[in-house]
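Residue numbers begin at 1 in each chain, while the letters A, B, ... track the order of the sequences.
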Amino acid sequence: MKLRFAPSPTGFLHVGGARTAIFNLLHARRYGGTMLLRIEDTDVERSRQHHAEQIITSLKWLGVAWDEGPVYQSDRLDRYRERAEELVAAGKAYRCYCTVEELDAERSAAERAGKQWRYSGRCRKIDGDAGEPHVIRFAVQPGPIEFHDLIRGDVHFEGELIDDFVLLRSDRNPTYHLSVVVDDIDMAITHVARGDDHLSNTPKHVLLFRAFGAAVPSFAHLPLILGGDKKRLSKRTGATSAEEYREMGIVPDALFNFLTLLGWSPGENRELFTAGEATQWFDLADVNKAPAVFDPEKLIWMNGQYLMRMTAEQIYPHLVPFLGDAPRTLDELRTIIELHKMRVRTLRELAKQMAIYFIGDDAIEYDADTVKKHIKGDDLAGRLSALHETLLSTDPFDVVTSEAALRSLAETQGVSAAKLIHPLRLALTGRGASPPIFDVAVVLGKERTLRRLQRLIERLPLIEG
RNA sequence: GGCGCAUUCGUCUAGGGGUCCAGGACGCCGCCCUCUCACGGCGGUAACACGGGUUCAAAUCCCGUAUGCGCUACCA
């Protein structure tokens, strides 16, 4: 068994393509087959090498580890020409000398007349000069064309409705239809899993496989991934590339898991699982027929689930790009990551929350709503000064000791501990929400904790009421 | 227009003739936990597109309608 993922390098790796790659990988792994990566760059107008490299980078990031390739179709142009000529020699294809201009004119004339247009096949008859500019077209024979699709079941088309499609362009470059079939034959592909948008092209491919006397592979046409507008996911409706989600702070395993669940389910209400587990359960035949809407909200939730389950060591390498210029070592960040990982949903958020530990003590900005809510009460300045004193003499300065010290102080002050805790949180973080405040204080250390507390006390007259 | 494919809560899905007045998850709303936030727990909201069949019985099978999407290039 052999599968392939065959993107065309005309942009970033689309999440739909990413899912196709994942499904190919999973199916291959499930059945002990191999997976090939093939870059379909026969469209010289739109293909770019840097896009191919970008796609490869994204696949690696995602964890799609193919076995063979990448094979570039642009390295195999002679092979496609050779195969096209074989079909001409066998009378299964022919040279067509019609120009694009002529055909376009015919097409638009037919359109104006309200009629549907198809190529007349007029060049089938003529025996032209192979030296003259021409394309090679496949001579489609009438009759039913049927094939089995792992996902859709049996599908049929009528040969009469299919144009004599172009195999080789006038610049001697192959079209997709030719290159894909030649390669799938040469590379012994047994299962073709690709986007639903190719379903209508499949009869052409079946015809080609037969014309070449080759076995027709199994097909699996995956339903499209839709945007929130129920249209094919596009830039207008949100992020479409794997790269954008990476930049957003999504961890690759989370995206992998999420994409796996778009159009497939392992059953038994399982949602969070590893690629390895999916490998044991996946089968192309179980993929849904209906298109699925990509819901970024759920992806972000899932990413949060991954982050909270990952260790600081696992998160760190993914986090580094979000940290900005100041390099931080894992040792510096370990505790902080542990403290914050369960309260964020993306790496970007995590980096943002972590900033409070690295800015200057005088750079804390007090959140207005939190000030309004917690900076009040009789003699707050006096009580906070007492807290400052208490913390100053707290030794050791650890979570348990400092919390006990604060709580007993609150008791002697006759107020709830919350009356000290909230202002302390504001002093240390500037915010109304944070990890348990004594953990934050310990990470900051006694010195910085006291400095930040002192600063709030000094500013009390300015910000209060 | 032609051809093809599809249709279960707002979204992802389970379910494939009786066990379904339809299960899980995201989101949303309550409550609990609690120094806040988050996590977690509990509860709630919400769906078988429509119409005909077949059958003792249909979300599940068949037909039609509607709607949506895809293809209809010398793009893939």
Side-chain angles (χ1 to χ4, degrees), chain A residues 6-10 40-43 45-47 96 98-100 103-104 107 111 114-119 134-137 149 151-152 155-158 160-163 165-177 179-180 194-204 221 223-224 226 228 230-232 258 261-272 288-302 304-305 308 339-345 353 370 373-374 403 406-407 410 416-422 424-426 429 431-438:
Chain A
S8 61
T10 54
E40 310 222 317
D41 56 350
T42 54
D43 180 358
E45 295 290 309
R46 301 196 309 152
S47 297
C96 169
C98 300
T99 64
V100 177
L103 264 22
D104 280 349
R107 191 167 10 239
E111 226 165 82
K115 289 192 292 196
Q116 59 168 337
W117 180 86
R118 287 184 45 235
Y119 177 62
H134 65 278
V135 300
I136 291 179
R137 283 183 187 272
D149 188 286
I151 297 171
R152 317 285 165 159
V155 184
H156 14 206
F157 288 85
E158 295 300 327
E160 285 82 347
L161 269 18
I162 298 173
D163 254 354
F165 54 98
V166 173
L167 298 176
L168 210 61
R169 295 179 249 242
S170 50
D171 64 0
R172 305 285 291 162
N173 282 135
T175 61
Y176 164 73
H177 304 302
S179 58
V180 75
R194 75 235 294 198
D196 186 39
D197 46 342
H198 287 301
L199 187 61
S200 303
N201 289 325
T202 305
K204 295 175 185 171
H221 287 92
L224 258 23
L226 273 24
K230 301 273 189 150
K231 294 250 168 47
R232 189 177 180 150
F258 180 75
L261 249 12
L262 241 39
W264 178 75
S265 164
E268 296 177 28
N269 297 330
R270 283 183 285 231
E271 290 215 294
L272 261 23
N288 282 164
K289 300 175 208 283
V293 173
F294 188 98
D295 179 10
E297 271 298 314
K298 188 160 183 177
L299 201 213
I300 288 170
W301 163 78
M302 188 171 281
Q305 294 292 311
M308 78 175 73
L339 243 30
H340 287 266
K341 70 182 190 186
M342 80 279 286
R343 33 204 124 228
V344 296
R345 301 190 304 170
Q353 286 197 4
T370 308
K373 198 168 173 191
H374 296 296
E403 176 164 6
L406 179 143
R407 286 188 186 279
S416 68
K419 291 280 192 260
L420 290 175
I421 285 173
H422 292 299
L424 179 60
R425 171 173 291 110
L426 182 73
T429 70
R431 302 179 195 166
S434 78
I437 199 59
F438 303 102

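A donor-acceptor contact under 3.5 Å is not formed by the side chain of A/Ser434 with the base of B/C37. In this model, a side-chain donor or acceptor of A/Arg343 finds a partner on the base of B/C37 within 3.5 Å.
Side-chain proximity of A/Arg425 to B/C74, B/C26, B/C35: nearest is B/C35. Proximity note for A/Ala290 (side chain, C-beta onward) versus B/U7, B/C74, B/C71: the nearest is B/U7. Comparing B/U36, B/A76, B/G27 by their nearest atom to the side chain of A/Asp197 picks out B/A76. In the set B/A76, B/G24, B/C37, the nucleotide with an atom closest to the side chain of A/Asn269 is B/G24. Nearest nucleotide to the A/Arg407 side chain, out of B/C12, B/A14, B/C35: B/C35. Residue A/Val155 places its side chain closer to B/G4 than to any other of B/C26, B/G4, B/A6. Checking B/G23, B/C69, B/A76 against every side-chain atom of A/Leu224, the shortest atom distance belongs to B/C69. Closest contact between the side chain of A/Ser8 and the listed nucleotides B/C74, B/A76, B/C69 involves B/A76. In the set B/C74, B/G40, B/A6, B/G40 carries the atom at the smallest distance from any side-chain atom of A/Gln305. Across B/A25, B/A14, B/G23, the shortest atom-to-atom separation from the side chain of A/Asn288 is found for B/A14.
A salt bridge links A/Arg232 and A/Asp197; the closest N-O separation between the charged side-chain nitrogens and carboxylate oxygens is under 4.0 Å. Under a 4.0 Å N-O distance rule, the pair A/Asp196/A/Arg152 qualifies as a salt bridge. Note on A/Arg118 versus A/Glu160: no salt bridge recorded, every NZ/NE/NH1/NH2 to OD/OE distance being 4.0 Å or above.
Look at A/Lys231 and you'll find a side-chain N or O under 4.0 angstrom from OP1 or OP2 of B/C69.
B/C9 and B/G27: their C1' atoms are spaced 12 Å apart (whole Å).
Both distances falling under 3.5 Å, in either a Watson-Crick or a G-U wobble arrangement, place B/G64 opposite B/C50. As the counterpart of B/A14, no nucleotide is assigned, since no Watson-Crick or G-U wobble pattern has both distances under 3.5 Å. When both distances must be under 3.5 Å, the Watson-Crick or G-U wobble mate of B/A73 does not exist. For B/G43, the paired base is B/C29 (Watson-Crick or G-U wobble, both distances below 3.5 Å). Remark: B/A38 base-pairs with no nucleotide in the shown strands. Criterion, Watson-Crick or G-U wobble with two distances under 3.5 Å.
The nearest heavy atom of RNA chain B to A/His422 and to A/Phe258 marks one nucleotide each, and the one closer to the 5' end goes with A/Phe258. Toward the 5' end of RNA chain B, the nearer of the two residues A/Ile421 and A/Arg232, judged by each one's closest nucleotide, is A/Ile421.
Because its NZ or CZ atom is both nearer than 6.0 Å to the ring centre of A/Tyr119 and within 45° of the ring axis, A/Arg137 counts as a cation-pi partner of that residue.
As judged by a 4.0 angstrom heavy-atom cut-off over every strand, A/Gly263 is placed among residues touching the sugar-phosphate backbone only.
Side-chain contact check for A/Arg194 and A/Thr202: at least one donor-acceptor pair (N or O, by modelled atom type) lies under 3.5 Å.
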